[in-house]
**Q** 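First the structure, then my questions, so here it is.
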Amino acid sequence: KVEIPGRGAASPVVWGDLLFLLTAIPAGVPAEASHAPRGSSPSPHRFQVLALDRTTGKTVWERTAREETPHESAHPEHGTWASSSAVTNGEIVVASFESRGLYEYDMAGRLLWQADLGDKSMRNQFGEGSTPVLHGNRLIVVWDHTAGSFIAALDARTGREVWRQKRDEIDTWATPLVLQAGGRAQVVVPGMNRIQAYDVETGAIVWHTAGLTMNPIPSPVADDTRVYLMSGFRGNSLKAIRFGQARGDITGTDAVAWTVERDTPYVPSPLLYDGILYFLKSNTG
């Protein structure tokens with residue numbers, strides 16, 4: 001058991017004997033006070049990447065990606081600007097602090113590249129928290145906010161942008177999901193207006209259908225034939241989609257296997273295990 005400086009909501013990511021975490025550490029604040037929510041009052045923070053030894057908890061390396069004051073507030077209860085989770089494939093680890101930049105390190109902590117996609121403008125300044133997805137040499141980043149949303153693919157080796165597609169969406173927080181269908185990889189992205197699947201290599205839209213509710217946060221899950229997407233703010237929506245046969249606008253077609261419009265979660269992601277889909281009801285347990 002070890003104390004982590006600052007405050008973060010990133011899921012821990014494990015590869016071999018390394019455990020990766022992201023955190024935002026307020027500058028000039030004693031360690032014991034650094035964990036308090038500070039979302040309502042942006043102040044200078046160190047945006048830090050930690051690699052811990054999985055068996056002992058000791059810090060193997062730590063890197064400060066950037067130190068600056070966030071351009072807007074975060075949710076006052078959530079209270080952190082380190083909400084995205086690290087991503088790794090055992091050769092590289094990617095840290096996304098979103099408006100504070102993307103950073104890629106090797107497994108020893110050497111910075112390979114960094115990229116700045118601009119500043120997000122989040123509705124009601126609820127805060128950022130989208131995690132990118134790494135597939136082969138493509139790093140997929142969903143940049144949904146109130147001032148020009150898009151999805152982009154970066155070359156994971158260099159940080160160079162390979163393609164970008166505009167999105168008619170406002171804030172989302174779900175982690176996109178890469179699936180294989182017809183010998184090609186597609187990345188499925190929830191949205192309030194549309195659920196869309198993009199070709200990973202080209203960015204072309206493979207299929208799309210009606211969206212979920214406002215503020216999509218739960219991340220999609222899938223088995224061999226269906227992908228399951230849900231959200232639960234100001235309404236309830238769950239869609240099971242046969243992604244292997246989905247092409248173009250699938251609204252009202254057999255590609256939408258079934259839907260549910262009650263009891264879906266606002267924030268937590270579902271769990272799919274052994275043919276059963278588990279999720280929490282609304283905002284309750």
Side-chain angles (χ1 to χ4, degrees), residues 3-13 19-52 59 61-88 93-105 109 111 113-133 139 141-150 152 154 159 169-176 215-217 219 266-269:
E3 185 175 9
I4 302 298
R7 186 177 180 88
S11 298
V13 176
L19 184 153
F20 299 104
L21 275 177
L22 309 186
T23 184
I25 307 169
V29 174
E32 62 272 14
S34 69
H35 312 304
R38 298 175 185 273
S40 57
S41 55
S43 61
H45 277 67
R46 296 198 320 275
F47 296 89
Q48 199 162 70
V49 185
L50 298 173
L52 307 181
T59 299
W61 55 261
E62 55 185 306
R63 300 291 183 266
T64 297
R66 187 179 292 189
E67 184 168 354
E68 66 179 29
T69 300
H71 68 290
E72 67 178 25
S73 300
H75 195 287
E77 295 176 6
H78 184 60
T80 178
W81 290 271
S83 295
S84 305
S85 299
V87 182
T88 185
V93 57
V94 178
S96 173
F97 293 104
E98 297 194 278
S99 293
R100 313 279 73 82
L102 277 163
Y103 303 86
E104 183 178 291
Y105 302 87
L111 180 65
W113 57 259
Q114 62 186 69
D116 190 339
L117 298 181
D119 286 347
K120 281 187 169 182
S121 298
M122 306 300 286
R123 191 181 69 85
N124 295 335
Q125 298 193 26
F126 272 174
E128 306 170 8
S130 300
T131 297
V133 62
L139 181 71
V141 181
V142 176
W143 201 265
D144 286 348
H145 62 145
T146 61
S149 299
F150 63 86
L154 279 59
E169 298 290 344
I170 58 171
D171 312 7
T172 65
W173 291 267
T175 303
N215 291 6
I217 299 176
S219 298
Y266 179 19
V267 175
S269 296

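Both backbone and side-chain heavy atoms feed into the values below; hydrogens, waters and symmetry mates do not.
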**Q** State, yes or no, whether a side-chain contact exists between Arg123 and Asn215 at a heavy-atom distance under 4.5 Å.
**A** yes

**Q** How many angstroms lie between CD in Gln48 and CD1 in Ile25, if you round to the nearest 0.5 Å?
**A** 4.0 Å

**Q** Taking all non-hydrogen atoms of both residues into account, name the closest pair between Ala10 and Leu21 and its distance.
**A** O-CD2, 3.9 Å

**Q** Look only at the side chain of Thr146 and the backbone of Ser121, and say whether a donor-acceptor pair between them is shorter than 3.5 Å.
**A** yes

**Q** Passes side chain to side chain contact (heavy atoms under 4.5 Å, CB included), Asp144 versus Met122? Steps please.
**A** CA-CA 9 Å; Asp144 286 348; Met122 306 300 286; over 6 Å; no

**Q** Of His45, His75, His71, which meets ring pair (Phe, Tyr, Trp, His ring centres under 6.0 Å) against Trp81?
**A** His45

**Q** Can you confirm whether Pro5 sits close enough to Leu50 that some side-chain heavy atom of one is under 4.5 Å from a side-chain heavy atom of the other?
**A** yes

**Q** State, to 0.1 Å, how close Pro216 and Asp171 come at their nearest heavy-atom pair, and which atoms those are.
**A** CD-O, 3.8 Å

**Q** Could you walk me through whether Tyr105 and Trp61 pass the ring-ring contact (aromatic ring centres under 6.0 Å, His included) check?
**A** CA-CA 11 Å; Tyr105 302 87; Trp61 55 261; 5.8 Å; yes

**Q** At what distance, to the nearest 0.5 angstrom, does NE2 of His78 lie from CD of Glu128?
**A** 10.5 Å

**Q** So which atom in Gly129 and which in Ser84 form the shortest heavy-atom distance, rounded to 0.1 Å?
**A** C-OG, 3.9 Å

**Q** Of the non-hydrogen atoms in Ala65 and Phe97, which two are nearest, and what is the gap between them?
**A** CB-CE1, 3.8 Å

**Q** So, for Ser73 and Ser40, which heavy atoms are closest and what is the spacing to 0.1 Å?
**A** OG-O, 3.7 Å

**Q** For residues Arg38 and Val29, determine if any side-chain heavy atom of one lies less than 4.5 Å from a side-chain heavy atom of the other.
**A** yes

**Q** Check whether any side-chain heavy atom of Val94 sits under 4.5 Å from a side-chain heavy atom of Leu102, and report yes or no.
**A** yes

**Q** Could you go step by step and tell me if Trp173 and Phe126 meet the side chain to side chain contact (heavy atoms under 4.5 Å, CB included) rule?
**A** CA-CA 11 Å; Trp173 291 267; Phe126 272 174; 4.2 Å; yes

**Q** Show your reasoning for whether side chain to side chain contact (heavy atoms under 4.5 Å, CB included) applies to Asp116 and Arg66.
**A** CA-CA 11 Å; Asp116 190 339; Arg66 187 179 292 189; 3.7 Å; yes

**Q** Please name the pair of heavy atoms, one in Lys120 and one in Ser99, separated by the smallest distance, quoted to 0.1 Å.
**A** N-OG, 2.8 Å

**Q** Give a yes or no on whether the backbone of Ser130 and the side-chain of Glu98 come within a donor-acceptor separation of less than 3.5 Å.
**A** yes

**Q** Quick check: does any side chain N or O of Thr131 sit under 3.5 Å from a backbone N or O of Ser85, one acting as donor and the other as acceptor?
**A** yes

**Q** Looking only at side-chain N and O atoms, does His35 offer a donor or acceptor that is under 3.5 Å from a partner on Glu3?
**A** yes

